[in-house]
Undergrad: 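Input: one structure, supplied below.
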Amino acid sequence: QVQLVESGGGLVQAGGSLRLSCAASGRTFSSDAMGWFRQVPGKEREFVAAKSGSGGTSSYADSVKGRFTISRDFAENAVYLRMNSLKPEDTALYYCATSGDWRRIGVRPDYWGRGTQVTVSS
């Protein structure tokens, strides 16, 4: 059974940093794209960042470029999101996701985690 478990969320002041982790289990995801999304109440879930199965390609939402960095540990079946210079508008529930097709990771992932809350105070 595939399972994605996020961790690392919390409360941080504006300008601070957090590192989110996502541990995947159930099978090997080394060939899959893995990524992060976020959602605030009343709004649609939005794409944040993704990294390809080869690890050679990354993609970021414009709103986080230059501040967030996605990385993977293929041996650990994990994906991380380093978030720097956090802003109050980054406050959201952050989800980990995977896709067997890089082209779908941003729009229709195969699997989702349950999310970890990030709150940035002003």
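It should be emphasised that the depicted structure is a prediction, and the values quoted were computed from it without experimental measurement.
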Undergrad: Looking at R82 and S17, what are the two nearest heavy atoms and their distance?
TA: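 Residues R82 and S17, closest heavy atoms: NH2-CB, 3.6 Å.
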
Undergrad: Do side-chain atoms of S58 reach the backbone of K51 as a donor and acceptor pair under 3.5 angstrom?
TA: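 Checked: no pair found.
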
Undergrad: Closest heavy-atom contact between F74 and G53?
TA: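 Heavy-atom minimum between the residues: CE2-O, 2.9 Å.
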
Undergrad: Roughly how far, to the nearest 0.5 Å, is the CH2 atom of W102 from the OG atom of S59?
TA: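 Spacing of OG (S59) from CH2 (W102) equals 5.0 Å.
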
Undergrad: Closer than 3.5 angstrom, by distance alone: can the side chain of Y60 be matched with the main-chain N or O of G66 as a donor-acceptor pair?
TA: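 Checking the backbone N and O of G66 against the side chain of Y60, no donor-acceptor pair under 3.5 Å is found.
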
Undergrad: Applying the 4.5 Å side-chain criterion to the ILVMFWY set and letting contacts propagate, would F68 and I105 be lumped into a single cluster?
TA: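 Different clusters: F68 never reaches I105 through Ile, Leu, Val, Met, Phe, Trp or Tyr contacts under 4.5 Å.
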
Undergrad: Please walk me through it: do V2 and R27 pass side-chain contact (heavy atoms from CB on, under 4.5 Å)?
TA: CA-CA 7 Å; V2 172; R27 65 173 177 83; 4.2 Å; yes

Undergrad: Could you give the distance from OG1 (T91) to CD (Q117), rounded to the nearest 0.5 Å?
TA: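 Here the rounded value is 7.0 Å.
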
Undergrad: Can any side-chain N or O of N77 pair as donor or acceptor with the backbone N or O of S25 at less than 3.5 Å?
TA: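 Flag not set: sc N77 to bb S25 has no pair under 3.5 Å.
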
Undergrad: Mind checking the OG-NZ spacing from S122 to K87? Nearest 0.5 Å is all I need.
TA: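 That separation rounds to 14.0 Å.
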
Undergrad: Could you report the tightest heavy-atom contact between L86 and V12, atom names first, then the distance?
TA: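 Minimum heavy-atom contact is CD1-CG1, 3.6 Å.
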
Undergrad: Does E6 use its side chain to pair, donor to acceptor, with the backbone of R114 at less than 3.5 Å?
TA: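 Yes.
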
Undergrad: Ignoring hydrogens, what is the shortest heavy-atom contact between S21 and Y80? Give both atom names and the distance.
TA: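 The pair with the smallest heavy-atom distance is OG-CD2, 3.3 Å.
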
Undergrad: Write down the atom of A24, the atom of M34, and the distance for their closest heavy-atom approach.
TA: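 Heavy-atom minimum between the residues: CB-CE, 4.0 Å.
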
Undergrad: Hey, could you give me the OH/CG distance between Y94 and L18, rounded to the nearest 0.5 Å?
TA: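 It comes to 9.0 Å.
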
Undergrad: Would you please classify the geometry between the W112 ring and the Y95 ring as parallel, tilted or perpendicular, with 30° and 60° separating the classes?
TA: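 Because their plane-to-plane angle is over 60°, the rings of Y95 and W112 count as perpendicular.
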
Undergrad: State whether a side-chain donor-acceptor pair under 3.5 Å links S30 with T28.
TA: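 There is no such pair between these side chains.
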
Undergrad: When you look at V79 and I70, which way does the side-chain contact (heavy atoms from CB on, under 4.5 Å) test go after all the steps?
TA: CA-CA 7 Å; V79 63; I70 188 170; 3.8 Å; yes

Undergrad: D110 side chain to G100 main-chain N or O, any donor-acceptor pair under 3.5 Å?
TA: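 Judged by distance alone, yes, a pair lies under 3.5 Å.
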
Undergrad: Going by an N to O cut-off under 4.0 Å, is there a salt bridge joining R38 and D90?
TA: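 Yes, charged N to carboxylate O under 4.0 Å.
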
Undergrad: Identify the heavy atoms of L20 and M83 that sit nearest to each other, and give their distance.
TA: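 Minimum heavy-atom contact is CG-CE, 3.7 Å.
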
Undergrad: Between CZ of F37 and CG of L81, what distance do you get to the nearest 0.5 Å?
TA: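 One finds 12.0 Å between CZ of F37 and CG of L81.
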
Undergrad: For side-chain contact (heavy atoms from CB on, under 4.5 Å), just list the numbers for S7 and T116, CA-CA rounded to whole Å, side-chain angles, deciding distance to a tenth of an Å, and then say yes or no.
TA: CA-CA 6 Å; S7 61; T116 184; 5.6 Å; no

Undergrad: Run C22 and W36 through side-chain contact (heavy atoms from CB on, under 4.5 Å) and show every step you take.
TA: CA-CA 9 Å; C22 172; W36 292 91; 3.7 Å; yes

